[in-house]
Amino acid sequence: MTAVPTTPDPFVDLEAYLASEPANPGGLPTTYEHGGRLTPEGSAVDPVLVEIVQGTLASVEMEVETAIARTSRSPMIRDAHDFRAGIHDRQLRKLTGRSYSALVHPIVRDFPLDEMHEGDVFFHNDVYESEGGIGHLPDLCVTVPVFHEGEVVAFVQAFGHHDDIGGACPGSMPSGAQSVFEEGLSVPPIKLWDSGVPNKAALRIMTRNSRMPDSLAADLDAECSACLMGARRLGELFTRYGRETVEAAFDAILDATTETYRREILDKIPDGSYVWEDYAEHDGVDEPMLHTQRITLTKTSTGGPGPGDGGPRLIIDFTGTSAQAKGPINHCGDYVGGNFLKKWLAPILRNLADTPERMAELDVNEGVVPLIEMRFPEKGTLLTPVYPAPTNARTFVILRLLGVLAGVVAKAVDGRMPADQETIRYTGVYGKDRDGNDYLMREVLGGGSGGRYYADGEDTIHVVPDSRNLPTEFTESRFPFRVERLGLAVDSGGAGRYRGGLGYEKQIRMLQDAHFMSIADRSILACWGVKGGKAGRPFEVTIDLGGPTERTVDALADAEPVKAGQVIRIRTTGGGGWGDPLERPYDEVERDLRWGKVSFDGARSDYGVVASGTKDEPVVDVAASDALRAERRAARGEEPFFDRGPGYAQLAGGAGAADVDWL
């Protein structure tokens, strides 16, 4: 077993520490053989049975998630649905493809399979002990082994974002944290249930550290019970068809994914190397700056899985990524060869499918892993942080990586990828309700997705499948505020031949004094547009809207005071635009005016369209619009392939574009 270098001192000199300690190889520190096939290459299996097994896996996963949603208690789990279930085989490979999930690797690392028993439930949330599967401490993970004839044959797992696990501020996401110790209770892999018997001492420790102990206890009970139920359902599959047959079907499912991506996706990328980068704008400690995430993408036609030289593969090299931040935007990605990040990033590649309908059919399971090689820089970067670097806002980095991969692929395929989107940010309020009881309301509001080469972006989407904003009826009945507006943020979508999707505008009026909190990025740097498309509008929060103390607050805030009667306005990001906005047909701009997605001023400034009339009956002046568009085409010079919006110059010393933004 390879020791992972650690240090208890959050203020250690990083350079000296790295010089004195061995580098973490980023591999799974266990002798257990994992990631391989369950049956010999070429094993025959009835294709109809493969469909049955695949459908059963999807059904069990959905049943687990439904059980959690119906029996949990916290708004983040029950109402916002910020959790995921996953099914893995005994080689630790993810079999289901509806969503990403955490990893089983840290459980098997610390608990040998032959010492597991039916009814066991394992738990962890320690970021640095999770092998890259857990990004921040509020994500609690439970894992249940599946048994057949006394042996472990699979795993059912669930992890989700919980309201509070302790730490320096309510919600366990302190924006100015400088070590993981400030972020809450950190639990390495433990056995939470032993042969069906809960570990009450461990549960008491966890709930005692939470500001919302009742919700936490109920959520953990829901997740453990749901995964135990899922394990029983999956065990029935092995009983019905036999272990050899089911495992052959598992291999066939993953083989099919590998072959599909090799043939339908990777072949669309020309051989060669491509470079692009994007940035997080702040870390909560230092002043706003460009925290770089860089990808060098290399596509080769040989070297992937298959006979002989194999088929195509991708090499994703993160060299050039910035040093780890003082604040909590770091992500532990360099474990198990980047196994988690491979499955997190792979959905971006689906945009290369022949049609949108085909894209929606493609799962992302362990079958994508052999097609991707990841290369990480040395320890001490945003993606290779050294313990105990803080990580609670690592969302900024892993979301940005989705966009960096989309951008670098766009350079390879002449822009036939969507423009950028930023679809997660955490906002909320906390304080005392009318009865004097403590409350915490956290919400994960979505934003607009990027325009595509064939269609506009979607409005107010969320990158986490099935997640949603909190229902107004629920929040108003439980928390001391009123929701006075929940709608689309007009003009927030980036202009383009295909417009970026719109973000939310939400206004809430506080009925009691409270504090507002926000963990958000893209308040300076906007979602980029591509191939002539313009950047979307950034994130913005205004407190005391229309009042005497109206102010815009920082996107990273733990305790911004709000008085009773004041209105908080939250505007989330719009997606970037795709293609030249001066090529957008007049009838589509007119439709946007009628739908209220674009204002009359926005139509003129963003699209060169002169219109009059009313929102219900807009009238486009074609002659005036033709003249205005011709004037603007004549006035503009050469433009970069990517448009980052005006905020980039603010952090880049006045530069309008990065060197990598040009083809």
Side-chain angles (χ1 to χ4, degrees), residues 10-15 136 167-169 171 173-183 277-294 320-331 377 380-386 388-401 403-404 420 422 424-427 515-528 535-543 549-561 570-573 644-661:
F11 305 106
V12 69
D13 182 90
L14 178 60
E15 191 171 323
H136 59 184
C169 74
M173 296 181 68
S175 62
Q178 296 191 52
S179 82
V180 73
F181 302 116
E182 301 168 66
E183 298 179 315
E277 66 187 33
D278 205 359
Y279 319 94
E281 63 194 29
H282 53 177
D283 72 344
V285 176
D286 285 328
E287 290 298 311
M289 58 184 287
L290 298 177
H291 297 271
T292 304
Q293 291 108 77
R294 172 178 281 232
T321 292
S322 289
Q324 72 182 50
K326 294 178 185 176
I329 65 172
N330 306 290
H331 176 70
T381 72
L382 290 172
L383 289 174
T384 59
V386 176
T391 66
N392 76 75
R394 97 303 185 201
T395 312
F396 299 177
V397 168
I398 62 173
L399 281 180
R400 197 68 67 253
L401 287 178
V404 179
D420 191 34
E422 173 80 356
I424 293 181
R425 77 277 305 145
Y426 304 87
T427 60
H515 289 90
F516 172 80
M517 58 170 52
S518 172
I519 297 289
D521 204 30
R522 291 296 199 210
S523 63
I524 301 173
L525 301 173
C527 295
W528 44 265
R537 298 286 176 86
F539 175 82
E540 182 184 67
V541 174
T542 304
I543 289 182
T549 63
E550 178 176 312
R551 63 197 185 277
T552 298
V553 302
D554 195 88
L556 279 173
D558 292 338
E560 185 69 27
I570 303 165
R571 284 179 172 168
T572 68
T573 50
R644 298 183 185 271
Y648 176 75
Q650 178 181 334
L651 300 183
D659 291 343
V660 294
D661 292 344

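Quantities reported herein were computed from a predicted structural model and do not represent experimental measurements. Basis for what follows: all heavy atoms, side chains included, without hydrogens, waters or symmetry-related copies.
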Going by heavy atoms in the side chains, are Pro385 and His331 under 4.5 Å from each other?
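A side-chain contact under 4.5 Å is absent here.
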Kindly say whether [Y] contributes a backbone atom to a donor-acceptor pair with the side chain of [X] at under 3.5 angstrom?
X      : Y      : value
Glu182 : Ala177 : no
Ser523 : Ala555 : no
Gln324 : Val386 : yes
Asp283 : Ile329 : no
Thr391 : Arg394 : no

Distance, nearest 0.5 Å, that separates [atom1] of [X] from [atom2] of [Y]:
X      : Y      : atom1 : atom2 : value
Arg644 : Asp661 : CZ    : CG    : 4.0 Å
His282 : Phe396 : NE2   : CZ    : 4.5 Å
His515 : Glu560 : NE2   : CD    : 8.5 Å

Verdict with supporting geometry, Val397 and Thr321, side-chain contact (heavy atoms from CB on, under 4.5 Å):
CA-CA 10 Å; Val397 168; Thr321 292; over 6 Å; no
Given side-chain contact (heavy atoms from CB on, under 4.5 Å), test Thr542 with Glu540 step by step and report yes or no.
CA-CA 7 Å; Thr542 304; Glu540 182 184 67; 4.1 Å; yes
Picking from Ile524, Leu290, Asp278, what satisfies side chain to side chain contact (heavy atoms under 4.5 Å, CB included) with Tyr648?
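Option passing the side chain to side chain contact (heavy atoms under 4.5 Å, CB included) with Tyr648: Leu290.
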Member of Thr552, Val553, Thr572 meeting the side chain to side chain contact (heavy atoms under 4.5 Å, CB included) criterion with Val541
Val553
Sole candidate of Arg400, His291, Arg425 that passes side chain to side chain donor-acceptor pair (under 3.5 Å) when paired with Asp521
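Exactly one candidate clears the test, Arg400.
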For Ser175, which of Asn392, Asp558, Asp554 qualifies under side chain to side chain donor-acceptor pair (under 3.5 Å)?
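That would be Asp558.
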Closest approach of [X] to [Y] (non-hydrogen atoms, all atoms of both residues):
X      : Y      : result
Ile519 : Ala393 : CG2-CB, 3.9 Å
Leu556 : Gly284 : CD1-N, 3.3 Å
Thr573 : Arg522 : CG2-CB, 3.6 Å
Ala389 : Asn330 : CB-ND2, 4.0 Å
Ala535 : Ala526 : CB-CB, 3.8 Å

Side-chain donor-acceptor pair under 3.5 Å between Tyr279 and Glu277, yes or no?
yes
May I ask you to decide if the ring planes of Tyr426 and His136 are parallel, tilted or perpendicular, using 30° and 60° as cut-offs?
tilted
Between Arg294 and Asp659, is the salt bridge (charged side-chain N to carboxylate O under 4.0 Å, His left out) condition met? List the steps.
CA-CA 12 Å; Arg294 172 178 281 232; Asp659 291 343; over 6 Å; no
